[in-house]
Protein chains: 2
Amino acid sequence: MTRTPSQAQDSDNDALPRQQRTYTIGELAQIFEVTPRTIRFYEQEGLLAPSRQGQKRIYREKDRVRLKLTLRGKRLGFSLAEIREVVMMYDAMPDGNARQLKRLLELLAEKRANLERQLEDIRLMRLEIDDVDQRARDVLRQLEDTP
Amino acid sequence: MTRTPSQAQDSDNDALPRQQRTYTIGELAQIFEVTPRTIRFYEQEGLLAPSRQGQKRIYREKDRVRLKLTLRGKRLGFSLAEIREVVMMYDAMPDGNARQLKRLLELLAEKRANLERQLEDIRLMRLEIDDVDQRARDVLRQLEDTP
DNA sequence: CAAGCACTTTACGTTAACGTAAACCTCGTC
DNA sequence: GACGAGGTTTACGTTAACGTAAAGTGCTTG
């Protein structure tokens with residue numbers, strides 16, 4: 001894996017500043033611990049649009065960020081359709097008409113409300129977990145104290 | 001819908017203290033805005049175990065709480081399998097052996113870690129939403145200022 | 001007693017989000 | 001020039017979480 005300076009072409013990719021770096025599908029997959037299949041699927045669903053070099057997909061910084069946001073959305077239980085909706089409107093923003101923009105604002109408010117409810121859900125679930133945890137420890141101590 | 005006192009049997013259910021109240025499947029479904037099918041499915045998956053009266057399901061306070069917790073878990077993106085795992089261990093707690101209890105504690109720690117990551121995800125997603133929101137408002141103002 | 005609810009079981013259908021397998025390119029390397 | 005490591009497309013398979021439809025049960029109400 002040692003590198004001779006004459007090897008050139010377009011390697012040394014990971015030494016480049018982030019904005020110029022590119023990734024193969026396998027690299028991205030490793031980084032985010034998903035399979036290439038997943039990444040291709042997201043493209044098919046309109047969440048990613050990498051450029052090509054021949055028939056190979058080339059991912060740039062923008063694509064990496066998109067993937068990151070997508071996976072974050074997934075961890076929060078959003079469907080790919082929901083995620084796409086926001087992402088696409090975001091992209092359409094610069095030249096969006098007023099109606100589109102207002103729709104986007106509505107969408108954002110929706111998502112925000114959703115997140116707030118999740119926060120509350122997390123708060124409550126934490127309390128319950130702490131409670132169960134405490135009771136489990138009690139029982140366990142009981143068991144170990146009286147053999 | 002007026003009620004004669006002689007109607008009796010076991011009606012007036014909703015006037016009872018919570019701990020004694022019972023629910024039909026339809027009532028529970030209304031309360032939580034899910035379909036009866038969903039509730040039956042959760043039972044089939046081992047998340048609920050209502051008693052019967054003839055062949056009709058009778059839900060008690062305990063079942064209602066379970067359903068509530070289940071739905072909360074769902075909103076947070078947990079699978080029914082994950083939820084069941086915790087719920088069943090919780091039930092097995094009183095007479096659980098040490099190994100089981102320790103396993104339960106592990107499970108709880110896992111869930112907690114999961115929640116923490118979700119909290120962070122929510123925090124980040126909020127920031128992004130706020131950002132997009134701001135930019136959308138800017139563009140919109142631009143549009144309305146220059147007709 | 002017929003009609004209408006609300007419940008029941010059984011069973012097949014559906015959708016989202018990938019997994020898996022086959023068959024094919026295209027490099028750099030031995 | 002064979003080959004192995006990655007990439008590609010195409011297509012069928014799988015799982016979770018219900019939806020939907022059919023056919024039957026049981027009460028109470030006009």
Side-chain angles (χ1 to χ4, degrees), chain A residues 1-4 6-14 22-59 63 67 70-85 87, chain B residues 1-4 6-14 22-59 63 67 70-85 87:
Chain A
M1 262 307 192
T2 54
R3 193 75 62 64
T4 66
S6 59
Q7 241 209 359
Q9 180 86 11
D10 63 355
S11 348
D12 268 313
N13 212 333
D14 38 351
T22 69
Y23 308 82
T24 69
I25 198 171
E27 287 169 344
L28 266 195
Q30 268 209 337
I31 294 177
F32 291 107
E33 301 184 299
V34 297
T35 70
R37 169 64 171 128
T38 297
I39 299 183
R40 290 197 197 96
F41 181 72
Y42 289 174
E43 174 177 354
Q44 177 182 325
E45 294 300 297
L47 287 163
L48 298 173
S51 49
R52 300 284 181 125
Q53 169 174 292
Q55 76 171 352
K56 286 186 64 175
R57 277 165 252 252
I58 304 291
Y59 297 89
D63 302 307
L67 180 52
T70 300
L71 294 174
R72 181 178 296 153
K74 285 234 63 190
R75 283 198 302 272
L76 291 176
F78 293 109
S79 72
L80 294 184
E82 289 176 291
I83 297 170
R84 177 182 45 203
E85 204 176 7
V87 164
Chain B
M1 265 303 193
T2 53
R3 194 74 61 66
T4 66
S6 60
Q7 244 207 354
Q9 180 87 10
D10 63 356
S11 345
D12 268 313
N13 213 332
D14 38 351
T22 70
Y23 307 82
T24 70
I25 198 171
E27 287 169 344
L28 267 195
Q30 268 209 337
I31 293 177
F32 291 106
E33 300 184 302
V34 299
T35 70
R37 168 65 170 130
T38 297
I39 299 182
R40 290 198 197 98
F41 181 72
Y42 289 174
E43 175 177 354
Q44 178 182 325
E45 295 300 298
L47 288 162
L48 298 174
S51 51
R52 299 285 180 125
Q53 170 174 293
Q55 77 170 353
K56 287 187 63 177
R57 277 165 252 252
I58 303 291
Y59 297 89
D63 303 307
L67 180 53
T70 299
L71 293 174
R72 181 177 298 153
K74 285 234 63 190
R75 284 198 301 272
L76 291 177
F78 293 108
S79 72
L80 294 185
E82 289 176 291
I83 298 171
R84 178 182 43 202
E85 205 175 6
V87 164

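Quick note on labels: first sequence line is chain A, next is B, and so on, each numbered from 1.
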Next item on the list: Look at B:K74 and D:dA16 and indicate whether a side-chain polar atom (N or O) is within less than 4.0 Å of OP1 or OP2.
Entry: no
Checklist line | Spacing between A:F32 atom CZ and C:dA17 atom P, to the nearest angstrom | finding: 19 Å
Next item on the list: Check the distance between D:dA16's C1' and B:R84's CZ and give it to me in whole angstrom.
Entry: 11 Å
Item checked: 5′-ward residue of the pair B:Q55/B:A81 relative to DNA chain D -> B:A81
Checklist line | B:K74/B:E45 salt bridge by N-O under 4.0 Å criterion | finding: no
Check: To the nearest Å, how far apart are A:R52 CZ and C:dT26 P?
Finding: 14 Å
Item checked: A:R37 side-chain proximity, nearest of D:dT8, C:dA11, C:dT20 -> C:dT20
Next item on the list: Take the protein atom CD of A:E27 and the nucleotide atom P of D:dG7, then report the distance between them rounded to whole Å.
Entry: 8 Å
Next item on the list: Give the nucleotide from the list D:dG19, C:dC7, C:dC18 with an atom nearest to the side chain of A:L80.
Entry: C:dC18
Checklist line | Which residues share a side chain to side chain contact (heavy atoms under 4.5 Å, CB included) with A:E85, sequence neighbours left out | finding: A:R103, A:L107
Check: Taking only side-chain nitrogens and oxygens of A:T35, does any of them come within less than 4.0 Å of OP1 or OP2 of C:dC18?
Finding: no
Next item on the list: Let me know the distance between OH of A:Y23 and C1' of D:dG6, rounded to the nearest Å.
Entry: 19 Å
Check: Which residues pass the side chain to side chain contact (heavy atoms under 4.5 Å, CB included) test with B:E82, sequence neighbours left out?
Finding: B:F78, B:S79, B:K111
Checklist line | Interface with DNA chain C, restricted to residues 39-49 of chain A and to heavy atoms under 4.0 Å | finding: A:F41, A:Y42
Next item on the list: Determine: side-chain N/O of B:T24 to OP1/OP2 of C:dA6, distance under 4.0 Å, yes or no.
Entry: no
